[in-house]
Amino acid sequence: MHAVVFIKQVPQQNSVKITPDKQIDASGIEPIISLFDEYAIEEALLQVEKNGGKVTVVTIGGEEQIDALRKALAMGADQAILVNDPALRNIGSLGAAKVGAAVVRKLGDVDVVFCGKQSTDDETAVFGPAVARYLDMPVLSYVYKVHELDPGAKRVVVDRAMETTTETVEATLPAVLTTVKDLNQPRYPSLLKIKKAQKADIPRWTAADLGLNTAELAPKVTYLDRVPPPPRPKGSMIDGGSAQEKARKLVDVLVNAQVI
Amino acid sequence: MANEVWLLAEAHSGELTAATKELISKAQELAAALGGQPAALVLSSNAAQVAETLLSYGLPKVYSVENPALEHYTTDAFVGAAAALIRQHQPCVLLTGASLQMRDFTAALAADVDAGLGSDCTGVAVRDGHIVAMRPSHGANVINTLGFNSDLVIISLRRQVAPEAQPAGGSGEVIRGQFPQVAQRMRVVKVEDKSNAVNLADSQIIVSGGRGLGSAENYEKLVPTLAQAFNGAYGASRAIVDAGWVPYERQVGQTGKTVSPKLYVACGISGAIQHLAGMRNSGTIVAINKDPDAPIFKVATYGLVGDVNELLPALTEAVEQKTRS
Ligand SMILES: Cc1cc2nc3c(=O)[nH]c(=O)nc-3n(C[C@H](O)[C@H](O)[C@H](O)COP(=O)(O)OP(=O)(O)OC[C@H]3O[C@@H](n4cnc5c(N)ncnc54)[C@H](O)[C@@H]3O)c2cc1C
Ligand SMILES: Nc1ncnc2c1ncn2[C@@H]1O[C@H](COP(=O)(O)O)[C@@H](O)[C@H]1O
């Protein structure tokens, strides 16, 4: 079977700066693989270990994102592709999903596509369902357990987690699955594999390689403004001789402020 | 193109959800500002009944598709039905809630009908005749104002964006759509309610615990009890979810739930940037921590320095006394 995993590199923590031209500046913050994508990589590896086949990891982004791909290779992915084209900057999650769909089409023989349920920087949760529609595949989002993934029978059965319910859902393959925490325990790569991944040859694909008309990728959303959140009003400390006194004072304050 | 502002209505056992009632108000407000009409969209195995309820809120139009395939949400059936109606009637805006289902739905639908999409927004308004939407990103460290250049704008909206609409009586019409021929490649085999399920996003008061609780037993003993005294729900930091004290569904933060209750009580939580991402928009924040320099105090409305083992039982007692009196 051929599993494709879309991964994205994001700042480890989000104390980012906003530049005067409303871009995000994450310089100086350690880059990591977006958390939910690690579960996606791990699940692809587990399923390919079971069924045989290969795992391809793909990122749409700039040259700096190569580290995330190398880490995925070190975890055990068979090949990595970086779609890097200046014409593909700032195309948003829907635009990235269009590019992602073109990648899957070019790869040709794909049984299953994994991605994170949502990135931890843009947090749109759009890429997975959108790439599925562009590929005309079913999408199973928020997967926390894979019961069956059978490329021969072209069938996948998963559990997914909604707010107050869990659902068991089946679909035909090929399909797109988006992953949440609890799905598995992502592995740590060995030192040997990390070294090997450093030397791996990672092809760079462009919009032209994918036969994409970049005019059709123009985002339909523009950023009119980007600002830090308004500061919270200054708070106050509640003192008291004993725990009981502090607790009573707090309750009085909350009652007076009509919070409770 | 019709200047119609649609909202996707959701109902449970025939009752409109609170989120839907907010969306009705919001759609009415936006339609007025755009010089258009609000309308509801209902996709359900039981759409006729829900459509009647929607008309009683004074909506001039309700588009409805009824089909057994719409009993449980699947992307194929819901997006197929919505896309067909949208192509036919060409609304300029579609509002939905921001539940997990709705975020799956809006992403797939926007791809299908080539719409501009604002996902998980905290506000939407009309400015100079155009729709603008507000959405946080980067763990609530960036507030984005989005503009759109598409014929259709789809926005999934969090709670507390508008007052809940009240029934107003009405004589609007129901427009029945056909359930289209779409590939249905997925099937819901089973739906189960989670045990002790709580939708933290719907709770007005949340008490959360962190590593400062010391152990799973201590958390179990102190945090749910205080939450119960407040008649609220309880959550947790990632540190203790990862430690296995509490299931993931209670995690608050960047990689857990985003909440904005009226009151959030953080107990033994340091206030890491990823935790703040999930709760910094709460109305009132109370922080309880033994370290006076803990970062959580920077966002707290009220801070209590001390040991959770003493303060939480005392607070439970004080709250119970107050609610008894
Ligand atoms: C990519 C990524 C995503 C993340 N996502 C999340 C997320 O969604 N949610 C989240 O919460 N975290 C998240 N984190 C983790 C986050 O960085 C912190 O590690 C975590 O929030 C710390 O949890 P804590 O406050 O319970 O523990 P700690 O940081 O260990 O803090 C414990 C606090 O308890 C206090 N304390 C100790 N004993 C007592 C006592 N007896 N009485 C009173 N106070 C006491 C201490 O002073 C301390 O402030 C994420 C991290 C990363 C890298
Ligand atoms: N530029 C990208 N390159 C590769 N994968 C992506 C990209 N953007 C989003 N994804 C995938 O889609 C998921 C959801 O991202 P988002 O829609 O931004 O919340 C991520 O966790 C990734 O798996």
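Throughout, protein chains are lettered first and strands after them, A, B, ... in sequence-line order, and every chain is numbered starting at 1. These figures come from a predicted structure and were not determined experimentally.
Heavy atoms of B:Phe105 lying under 4.5 Å from chain A are absent altogether. Heavy atoms of B:Gln251 lying under 4.5 Å from chain A belong exclusively to its side chain. Looking at B:Ala115, only its backbone comes within 4.5 Å of chain A, counting heavy atoms on both sides. Looking at B:Val132, only its side chain comes within 4.5 Å of chain A, counting heavy atoms on both sides. Using a 4.5 Å cut-off between heavy atoms, B:Pro313 makes no contact with chain A at all. Residue contact with chain A, scored on non-hydrogen atoms closer than 4.5 Å, involves the backbone and the side chain of B:Glu192 alike. Residue contact with chain A, scored on non-hydrogen atoms closer than 4.5 Å, is absent for B:Leu312. For a residue to count as touching a neighbouring chain, one of its non-hydrogen atoms must lie under 4.5 Å from one of that chain's; by this rule B:Asp242 touches chain A with the side chain only. With a threshold of 4.5 angstrom between heavy atoms, B:Arg280 approaches chain A through its backbone and through its side chain.
Panel note: side chain B:Lys194, backbone A:Met162; a donor-acceptor pair is recorded below 3.5 Å. Remark: the backbone N or O of A:Asp136 is paired with a side-chain donor or acceptor of B:Arg185 at under 3.5 angstrom. The closest donor-acceptor contact from the side chain of B:Ser137 to the backbone of A:Asp122 lies at 3.5 Å or more, if one exists at all. Side-chain atoms of B:Gln254 come within 3.5 Å of backbone atoms of A:Thr120 as a donor-acceptor pair (strictly under, hydrogens ignored).
Shown here is A:Gln258, whose CD atom has no more than 12 heavy atoms of other residues, nucleotides or ligands within 6.0 Å. Other residues, nucleotides and ligands contribute over 12 non-hydrogen atoms within 6.0 Å of the CZ atom of A:Arg105. Annotation for B:Asp307: atom CG counts as buried by contact number, over 12 foreign heavy atoms lying within 6.0 Å. The neighbour count for A:His147 NE2, taken as heavy atoms of other residues, nucleotides or ligands under 6.0 Å away, is above 12. Around the CD atom of B:Gln228, the shell of radius 6.0 Å holds no more than 12 heavy atoms that belong to other residues, nucleotides or ligands.
In this structure, B:Thr301 and A:Arg232 have side chains that are in contact, with non-hydrogen atoms separated by less than 4.5 Å.
Between A:Lys220 and B:Asp114 there is a salt bridge, with a side-chain nitrogen of the basic residue lying less than 4.0 Å from a carboxylate oxygen of the acidic one.
To the nearest 0.5 angstrom, B:Ile273 atom CD1 is 10.0 Å from A:Gln12 atom CD. For the atom pair A:Asp121 CG and B:His138 NE2, the distance stands at 4.5 Å (nearest 0.5 Å). A:Ile260 contributes atom CD1, which lies 8.5 Å from atom NZ of B:Lys322 (distance to the nearest 0.5 angstrom). Summarising the geometry, atom CD belonging to A:Gln13 is positioned 6.5 Å from atom CD belonging to B:Gln274; distances are rounded to the nearest 0.5 Å. Atom CG of B:Leu311 and atom OG of A:Ser242 lie 9.0 Å apart (nearest 0.5 Å). Here OG1 of B:Thr258 is found 7.0 Å from CD of A:Glu123. Values are rounded to the nearest 0.5 Å.
Across all their heavy atoms, B:Leu100 and A:Ala161 have their closest contact at CD1-O, 3.6 Å. Closest approach of A:Thr222 to B:Asn149, counting heavy atoms only: CG2-ND2, 4.2 Å. For B:Ala107 against A:Pro129, the heavy-atom pair with the smallest separation is CB-CB, 3.7 Å.
Options A:Val169, A:Val126, A:Val251, A:Thr166 differ in how many heavy-atom pairs under 4.5 Å they form with chain B, and the most are formed by A:Thr166. The greatest number of non-hydrogen atom pairs below 4.5 Å with chain A, out of B:Ala108, B:Gly147, B:Ala318, is found for B:Gly147. In terms of non-hydrogen atom pairs under 4.5 Å with chain A, the most contact-rich of B:Leu263, B:Val142, B:Val319, B:Val241 is B:Val142.
There is a side-chain donor-acceptor pair under 3.5 Å between B:Asp104 and A:Ser141.
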